[in-house]
Amino acid sequence: MESSESIISYLSQQEAGEIDELLMGPVGFSLDQLMELAGLSVASAIAEVYRSNEYNRVLVICGPGNNGGDGLVAARHLHHFGYKSCICYPKQTSKPIYARLVTQLESMSVPFLSIENLPKELSNFDILVDAIFGFSFKGNPWPPFDDLIRKLVSLKDHYQEHPKSPVVVSVDTPSGWHVEDGDTSGEGIKPDMLVSLTAPKLCAKKFCGPHHFLGGRFVPLSIMQKYKLQLPPYPGTCMCVRIGKAPISPKFHEKTMESDPFVQFQKWHDNAVEAGVKEPNTMALSTATKDGKPYSDSSSRMVSLKKVDQGGFVWCSNYGSRKGREISENPHASLLFYWNALNRQVRVEGFVQKVSEEESEEYFCSRPREIQVAPAVSKQSTVVLGREVLIQQCKELEEKYPQGSMMIPKPKDWGGYRLIPETIEFWQGDESSVQMRLRYYSQVIDGRKEWRILIIFIASIEWLMQPSKKLIRNPLLHPHSAPSPPPPPDPTTITNLILQSDNPNSLTQSLHTFTQWTPDLVQTILKRLWNHAPKALQFFQILYGHPTYTHSPTSFDHAIDIAARIRDYKSLWTLVARMRSQKLGPTPKTFAIITERYVSSGKADKAVKVFLSMHEHGCQQDLNSFNSFLDVLCKSKRVEMAYKLFKIFRGRFKADVISYNIIANGFCLKKQTPRALEILKEMVERGLEPTLTTYNILLKGYFRAGQVKEGWEFFLQMKKRNIEIDVVSYTTVIHGLGVLGEVVRARKVFDEMIGAGVLPSVATYNAFIQVLCKKDCVENAIIVFDEMLRKGYVPNVTTYIVVIRGLCHVGKMDMAIEYMNQMGDDCEPNIQTYNVVVRYYCDDGEIEKALEVFEKMSGGTCLPNLDTYNILINAMFVRKKSDDLVVAGKLLIEMVDRGFLPRKFTLNRVLNGLVLTGNQGFAQEILRLQSKCGRIPRHFRL
Ligand SMILES: NC(=O)C1=CN([C@@H]2O[C@H](COP(=O)(O)OP(=O)(O)OC[C@H]3O[C@@H](n4cnc5c(N)ncnc54)[C@H](O)[C@@H]3O)[C@@H](O)[C@H]2O)[C@@H](O)CC1
Ligand SMILES: [K+]
C-alpha cells in the first residue's frame with residue numbers, strides 16, 4: 001500500500017481481499033451489513049452530484065459478485081431518494097442474501113430489464129451505474145458482461161459531441177479495468193464518477209473523471225492502523241466524502257437553476273467551499289450617503305458574511321463606522337461575492353436593517369476570543385493616538401476579562417446588519433461568446449413576496465460589433481496588416497438579446513451601436529420573433545430610430561403583418577404612414593397583407609374598404625392588386641363576396657383569365673364544382689382561353705368534392721385533348737385518388753407519370769407519402785420517403801411533417817422524434833412540426849414530454865404560436881393536478897405577453913381550475929390578465 005502525494009492510501013487487490021476477510025471475520029460484520037453501507041454510500045454520492053430533478057432515470061447494471069450486490073442496494077436507496085431506478089441483473093445468483101435484495105426491489109416495483117429488453121441506445125437513462133465488477137475481477141470480462149461493458153464504452157464515444165448523454169458512475173472500480181493497473185488498453189470505460197469503497201484501489205489513481213468519492217464508512221481504527229490507511233475524514237453524518245477537488249465551473253444553465261435564489265446561493269456557496277475557494281464568505285459591501293452619487297458619495301469594502309437565510313444576508317460591523325453611518329442615512333446597499341476558482345459572481349441588492357440586539361449578542365459570543373477583543377477596544381473610523389495605545393488597550397481588556405473567566409461583553413455599537421434582497425444576480429464567466437446572467441427579482445403578489453427570474457445574455461452585441469479582443473492589433477506596429485474583419489453578426493444572439501431584455505433604453509443603445517444592419521438580417525430576426533409580436537415590433541421600432549440604418553419595404557411589410565396579426569391596427573396604419581413618408585410604399589403587396597389579415601380576423605367588409613381606398617395611401621389599384629384581393633377573399637371561403645366584387649369591377653380592371661381562375665378556384669374550394677364550371681363557361685364566352693391552371697383547378701375541384709368518377713373522367717379528357725399534363729395535374733390526381741381511399745390507383749398513377757415523361761416533384765412525393773400515411777400504413781410511407789432520398793430528392797419541411805404526423809398517429813413517438821432530429825440546418829422543424837409532436841404527446845397523456853418539446857421551442861429559433869399554447873393549456877386539465885393548473889396559468893400569462901389572445905373559454909377554464917384547487921392568489925393574477933385582454937367575464941367571482 002502506498003500513500004499518494006495528497007495523503008490518500010490506495011489498496012492492492014490482495015490488500016482489498018484481506019481487509020474484506022478481516023471485516024467479516026474478527027471485526028464482526030456480516031456481508032449484508034457491509035453491502036448495505038456500501039450501497040448507501042454509492043446512492044448518497046450520486047445524490048450529492050446528480051440531483052434527481054435533473055438526472056432522474058437510473059439504470060443500475062449489476063454483476064455476479066458483491067459489487068453487483070452493492071448496486072442492488074444503491075438502486076433501492078436511489079428509489080427512495082426520488083430517482084426512477086431500473087436494474088439489469090443478467091446473472092442472478094440464488095444465494096439468499098441476493099435473493100432478498102431482489103425481492104425488496106421487486107416489492108417496490110423497481111423494474112428488472114433483461115439484456116434483450118435494454119434499449120439499444122442507453123441514452124434513455126440519465127445515470128448508468130456500473131456495479132458489474134469490483135476488486136475481485138481478473139482477466140478479461142466473460143459474456144454477457146463483455147457486451148455490457150462495450151455498450152458503456154461506445155456510449156461515451158457516441159455521445160461525446162452530445163451535451164446531454166447519460167453519466168456513468170462506477171462502484172468501487174471501473175468494470176473491466178485491471179484492479180491495480182487501471183485501463184491498460186485505453187479502451188475501457190471512462191466513468192464520470194467513481195465511488196471507491198473502504199479505500200480506493202490502485203486503479204483509481206488512473207481515474208480522471210470529475211467526481212471521485214469515498215464511501216463505506218465502516219473501517220475501524222484497528223484496520224486503519226494495521227494498513228496505515230490515510231483517508232479523508234467523513235464530514236458530519238455523511239456516508240461519503242469527495243476525494244480531490246470538485247470540478248471547476250460546472251456548466252451553468254438556466255434550466256438547472258433553483259426557483260428560490262437563497263437555495264441557489266447556498267448551492268453555489270457549497271460549490272465554492274468544495275472547490276477550495278479561500279474565503280468563500282468574503283463579500284464587497286457597497287453603501288452610499290443619502291443622495292448617494294456614485295464615486296463621490298458611495299464607498300465599498302470587504303466584509304465577511306456571517307449567515308444567510310430566507311431573511312437575508314447577515315454580517316457584523318461597528319455601527320459607528322463609515323458604512324454604519326451611510327446605512328443609517330441610506331439603507332440601500334449591495335453585496336458582491338466573487339469566487340475566482342469557479343469564475344462566478346453573485347450580486348445582491350436590497351436594503352439593510354440592523355439585526356436585533358439578542359441576535360448581535362449571539363454572533364458576538366460565537367466569535368473566537370481573539371476577534372472579540374478588537375471590536376471591544378477599537379472605535380472604528382476614529383483617529384487613534386498611536387499603535388501602542390491600541391495594544392495597551394487590548395492588554396488591559398485581556399487582563400480585565402482573563403481567558404476562561406468572564407466573557408468579554410459585546411461593545412454597545414457593534415452588531416449585525418441584515419440585507420434584505422430585492423434582486424440577486426448570478427453570473428458565471430464562460431468560454432463561449434454568449435454569457436448568461438440570471439437575475440432574481442422580488443415581487444409582492446397578494447402580500448406575499450415571490451421571486452421572478454430574468455435571464456440576461458450578455459456580451460453579445462459588443463462582441464458582435466468588435467473584432468474579438470485577441471484579434472485587435474495596434475496599427476502602428478502592424479502598418480501593413482489589414483484590420484481584422486468583424487465576426488459575422490449572428491441573428492440567434494441578437495434575437496436572444498431582444499427576447500431577454502427588459503430595459504428598452506439599454507436595448508436601444510445596444511442595437512443602435514451596432515452599425516452593420518442589413519435588410520436580410522432584420523428580416524431574419526423579424527421572422528424569428530414572429531410568434532412574439534410585441535418584441536418584434538419593439539425591435540422594428542428601435543431600428544426605425546437607428547442613426548444610419550433605414551428599413552426596407554419588405555421589413556415594413558413584415559412589421560405590418562405582425563401588427564395586423566395581433567390586431568394592433570393603430571400600429572399597422574402608423575407603419576403604413578411611415579412607409580409612405582419615407583417613399584418606400586405602401587406597395588400592392590402591403591395591401592395584400594393588410595386585406596388578408598382583415599379577412600382572416602372576420603372583417604371582410606373592412607378589407608373591401610381598405611382595397612377600395614388603396615389609392616388614398618398612394619398606391620393605385622390595378623388588375624394585379626384586384627386579382628390578389630379576389631384571391632384573398634376566395635381562399636378564406638368568401639367566394640360570393642369576391643364574385644360580387646368581380647362583377648362590379650371586372651370592366652374597370654379588365655378581368656383576365658387569372659381573375660376567372662381565382663373565382664373558379666373559390667367555388668371549388670367550397671366544393672361547388674358546377675358553379676366553377678359556369679364561371680369558366682362565361683369566361684370562354686367572353687373570348688378568354690382556359691389555361692392549364694384552369695384545368696388543374698377543376699381537376700382538383702372534382703376530387704375535393706369527392707367526385708372521383710368525374711375527376712378521373714376529366715383527367716382522361718385532358719389527356720385525350722392533348723393538353724400537356726404537368727406535374728401539378730399528376731400530383732392532384734395522386735392526392736385526390738389517395739385521399740378518397742383509392743391508394744392502389746394513386747400508386748399506379750405515381751408509377752405511370754415517369755413513363756409519361758413527367759418527373760415527380762417534392763410536392764408529388766409529399767402528396768403520395770401523405771396518402772400512404774392516411775390510407776395505407778406508415779411503413780409504406782417510409783419506404784417511399786427512403787426512395788425519395790435515394791433518388792436524390794431533398795425532402796422539405798412538409799415531407800417531414802407528413803411522416804412525423806403519420807408516425808405519431810400510430811403511436812411511434814420515439815421514431816417521430818428521431819425523424820424530427822434528422823431535419824438538418826436547411827430544413828429546420830417549423831412551428832407546425834413542433835405542434836404535431838406536442839399535440840400527440842398531449843393526446844397520449846405524456847404531458848412532461850410535451851412540455852419538454854415546448855421548452856426546446858421556447859429556447860430555440862422557433863417560438864410557440866397560438867395553437868401550441870391552446871394545445872398545452874387544454875392538456876393541463878387532463879391529470880386533474882393542481883400543479884398542472886399553475887402551469888396552465890403561466891402559459892396563459894406568457895401567451896398574452898407574446899401577443900396571443902386566449903379564448904374566453906380557455907381563460908375561464910383556467911380561472912375556475914385555479915379557484916377550485918385553492919390557488920386564489922394566482923387566480924387573481926389571471927383575472928387581471930383577463931381585463932388586460934379586454935375579456936372580462938360577466939359572472940365571475942373569486
Ligand atoms: N470492504 C469490502 O470488502 C467490501 C466489498 N464490497 C464490494 O464487494 C466487491 C468485491 O466483491 P466480490 O469479491 O464478490 O467480487 P466482484 O464483485 O469484484 O466480482 C467478482 C465476480 O465476478 C466474477 N468474475 C471475476 N472475473 C471475471 C471475468 N473476467 N469475467 C466475468 N466474471 C468475472 C467472479 O466469478 C465473481 O462472481 C467490492 O468491489 C465492493 O464493491 C462491499 O459490498 C462491501 C465491503
Ligand atoms: K464496478
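The salt bridge (charged side-chain N to carboxylate O under 4.0 Å, His left out) check on Arg51 picks up Glu258, with sequence neighbours excluded. For the salt bridge (charged side-chain N to carboxylate O under 4.0 Å, His left out) test, no residue two or more places apart in sequence or in another chain qualifies with Asp568.
The backbone N or O of Leu863 sits less than 3.5 Å from a side-chain atom of Asn531, completing a donor-acceptor pair. Side-chain atoms of Lys535 come within 3.5 Å of backbone atoms of Ile498 as a donor-acceptor pair (strictly under, hydrogens ignored). Between the side chain of Asn919 and the backbone N or O of Phe922, no donor-acceptor pair lies under 3.5 Å.
For the residue pair Arg528/Thr492, the side-chain donor-acceptor check at 3.5 Å is satisfied. Arg347 and Thr423 share no donor-acceptor pair across their side chains, judged by distance under 3.5 Å alone. Between Tyr819 and Thr799, the side chains place no donor N or O within less than 3.5 Å of an acceptor N or O (distance only, hydrogens not considered). Inspection of the Thr554 and Asp557 side chains reveals no N or O donor paired with an N or O acceptor under 3.5 Å. Inspection of the Asn865 and Arg898 side chains reveals no N or O donor paired with an N or O acceptor under 3.5 Å.
Relative orientation of the Phe900 and Tyr869 rings is tilted, given thresholds of 30° and 60° on the angle between their planes.
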> After noting the C-alpha distance and the side-chain angles of Ser259 and Trp451, does the key distance pass the side-chain contact (heavy atoms from CB on, under 4.5 Å) rule?
Replying inline: CA-CA 7 Å; Ser259 55; Trp451 290 101; over 6 Å; no
